[in-house]
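First comes the structure, then the notes that go with it.
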Amino acid sequence: MNTSNITNYKPKDFAELLGVSVKTLQCWDREGILKANRTPTDRRYYTYDQYLQFKRIQTEDDIRDIVIYARVSTKNQKDDLKNQVEFLKQFCNAKGILVNQCIEDFGSGLNYNRKKWNKLLEEVMENKIKTVVISSKDRFIRFGYDWFEKFCEKFSAKIIMVNNETLSPKEELVQDMISILHVFSCKLYGLRKYKKQIKEDEEIAQELQDGNKTNS
């Protein structure tokens, strides 16, 4: 399991997070303004707590929300979504993490216009979110996860990634492609006219998944 609540940064990454140069960090280290930690081999590193302290963000009385975010590609994966949510709740309970919100989302990991996902990011920017708990990178976003992780950090929010993946990369890709087809079908031709075709696409996707499981 990979929990991002204990994060160490190399000087280059920490400087980028603060919006300063590495030379500035070195200067602050020498002057005692922001002391670097040292590994046994004398390499410098910084922690997320140092970032919060430097930004003068209270950690003890932080009342911002802790959010579980779970996603599947299509609505015929409701059982998978339920299992994903239950797994994340159990993880939080075991770690003593008190969850304020549980977001259950449907849509492709390639889609950057998911309403619930965008609302989550808006709340991060509004400094309403302290922690987002996800099962894996792909559940949050298919590409560009590292950028979004840094984006959250700039607003003093962090992502805890549990790394529980239920779909193979091939199965997830099939679901993403079908989800994208749904979006374009609805936008170009109208949902009612192509409802039957969309349903057939879902059935094909399910057959492909079943075939992949049989062959694996």
Side-chain angles (χ1 to χ4, degrees), residues 1-71 88 91-92 95-97 99 103 105 108-114 117-165 169 172-173 176:
M1 291 184 181
N2 176 14
T3 55
S4 300
N5 54 329
I6 304 176
T7 306
N8 294 334
Y9 298 91
K10 295 179 181 179
K12 180 181 177 181
D13 296 329
F14 198 69
E16 183 180 345
L17 183 63
L18 294 182
V20 299
S21 67
V22 174
K23 288 185 177 180
T24 297
L25 278 186
Q26 292 171 344
C27 180
W28 287 349
D29 187 22
R30 289 194 300 270
E31 296 176 0
I33 297 173
L34 183 59
K35 295 293 293 182
N37 299 289
R38 301 278 179 171
T39 68
T41 56
D42 205 35
R43 291 181 179 272
R44 292 185 300 129
Y45 72 92
Y46 297 85
T47 67
Y48 186 72
D49 284 341
Q50 283 181 293
Y51 168 75
L52 294 176
Q53 291 169 9
F54 185 80
K55 289 290 187 178
R56 297 180 180 178
I57 297 170
Q58 297 293 328
T59 55
E60 294 181 359
D61 300 321
D62 194 341
I63 60 173
R64 293 177 300 161
D65 283 356
I66 296 176
V67 180
I68 281 176
Y69 178 82
R71 179 193 66 81
L88 292 174
F91 171 84
C92 290
K95 296 292 183 180
I97 300 173
V99 177
I103 300 174
D105 208 0
S108 169
L110 298 170
N111 181 9
Y112 286 68
N113 291 318
R114 283 171 276 143
W117 185 71
N118 280 318
K119 187 176 185 299
L120 173 63
L121 295 180
E122 287 173 4
E123 291 184 350
V124 167
M125 288 188 288
E126 292 167 358
N127 208 29
K128 295 179 180 178
I129 305 295
K130 176 170 65 174
T131 308
V132 181
V133 184
I134 61 175
S135 59
S136 67
K137 291 181 180 180
D138 286 347
R139 292 295 145 206
F140 192 72
I141 193 70
R142 168 62 75 168
F143 298 114
Y145 171 83
D146 291 343
W147 187 92
F148 284 101
E149 185 177 45
K150 290 181 180 179
F151 167 85
C152 288
E153 287 173 349
K154 286 185 180 294
F155 292 95
S156 308
K158 58 187 175 183
I159 301 177
I160 295 179
M161 183 171 57
V162 184
N163 272 339
N164 177 56
E165 189 58 75
E172 174 71 10
L173 182 59
D176 280 337

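Ring pair Phe54/Tyr51: centre-to-centre distance not below 6.0 Å. For Trp117 and Phe148, the distance between ring centers is under 6.0 angstrom.
The main-chain N or O of Asp13 is never found under 3.5 Å from a side-chain atom of Tyr46 such that the two would form a donor-acceptor pair. Panel note: side chain Arg38, backbone Arg44; no donor-acceptor pair is recorded below 3.5 Å. Side-chain atoms of Asn111 come within 3.5 Å of backbone atoms of Asn113 as a donor-acceptor pair (strictly under, hydrogens ignored). When atom types are taken as modelled, the side chain of Arg64 and the backbone of Lys128 share no donor-acceptor pair closer than 3.5 angstrom. Under a 3.5 Å cut-off, the side chain of Arg142 and the backbone N or O of Leu110 do not form any donor-acceptor pair. Under the 3.5 Å distance criterion, the side-chain polar atoms of Asn118 are matched with a main-chain donor or acceptor of Tyr112.
Here Lys130 contributes atom NZ and Asp65 contributes atom CG; the two are 9.0 Å apart, rounded to the nearest 0.5 Å. Here the NZ atom belonging to Lys12 is positioned 13.0 Å from the OG atom belonging to Ser21, to the nearest 0.5 angstrom. Distance check, rounded to the nearest 0.5 Å: CD of Glu16 to CG of Leu18 gives 10.5 Å. Remark: Ile134 CD1 to Leu88 CG distance equals 9.0 Å, nearest 0.5 Å. For the atom pair CG (Leu121) and CD (Glu126), the distance works out to 11.0 Å, reported to the nearest 0.5 Å. Here the CG-NZ distance, from Leu17 to Lys150, works out to 8.5 Å after rounding to the nearest 0.5 Å.
Listed here is the closest heavy atom pair of Ala157 and Ile129: CB-O, 3.4 Å. The heavy-atom pair separating Val124 from Cys152 by the smallest distance is CG1-CA, 4.1 Å. Closest approach of Arg71 and Arg114 over heavy atoms only: CD-NH1, 3.3 Å.
Under the 30°/60° scheme for interplanar angles, the aromatic rings of Phe151 and Trp147 are found to lie parallel. Between Phe14 and Tyr9, the ring planes are tilted. Angles from 30° to 60° get that label.
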As a quick check of understanding, evaluate side chain to side chain donor-acceptor pair (under 3.5 Å) for Asp105 and Tyr69, giving each step before the final call. CA-CA 8 Å; Asp105 208 0; Tyr69 178 82; 2.7 Å; yes
Please determine whether side-chain contact (heavy atoms from CB on, under 4.5 Å) holds for the pair Asp138 and Phe143, giving the CA-CA distance in whole Å, both sets of side-chain angles, and the decisive distance to 0.1 Å. CA-CA 8 Å; Asp138 286 347; Phe143 298 114; over 6 Å; no
Just do the side-chain contact (heavy atoms from CB on, under 4.5 Å) check on Ile66 and Val132 with the steps written out, would you? CA-CA 6 Å; Ile66 296 176; Val132 181; over 6 Å; no
Passes side-chain contact (heavy atoms from CB on, under 4.5 Å), Val133 versus Val67? Steps please. CA-CA 6 Å; Val133 184; Val67 180; over 6 Å; no
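By the 4.0 Å N-to-carboxylate-O rule, Lys137 lies too far from Glu149 to be salt-bridged with it.
Qualifying salt bridge (charged side-chain N to carboxylate O under 4.0 Å, His left out) partners for Glu31, counting only residues two or more places apart in sequence or in other chains: none. Residues meeting the salt bridge (charged side-chain N to carboxylate O under 4.0 Å, His left out) test with Lys119, sequence neighbours left out: Glu123. Every salt bridge (charged side-chain N to carboxylate O under 4.0 Å, His left out) that Lys35 has, sequence neighbours left out, goes to Asp29.
For the pair Ile103 and Ile68, the minimum side-chain heavy-atom distance is 4.5 Å or more. By the 4.5 Å heavy-atom criterion applied to side chains, Thr131 and Ile160 are counted as neighbours.
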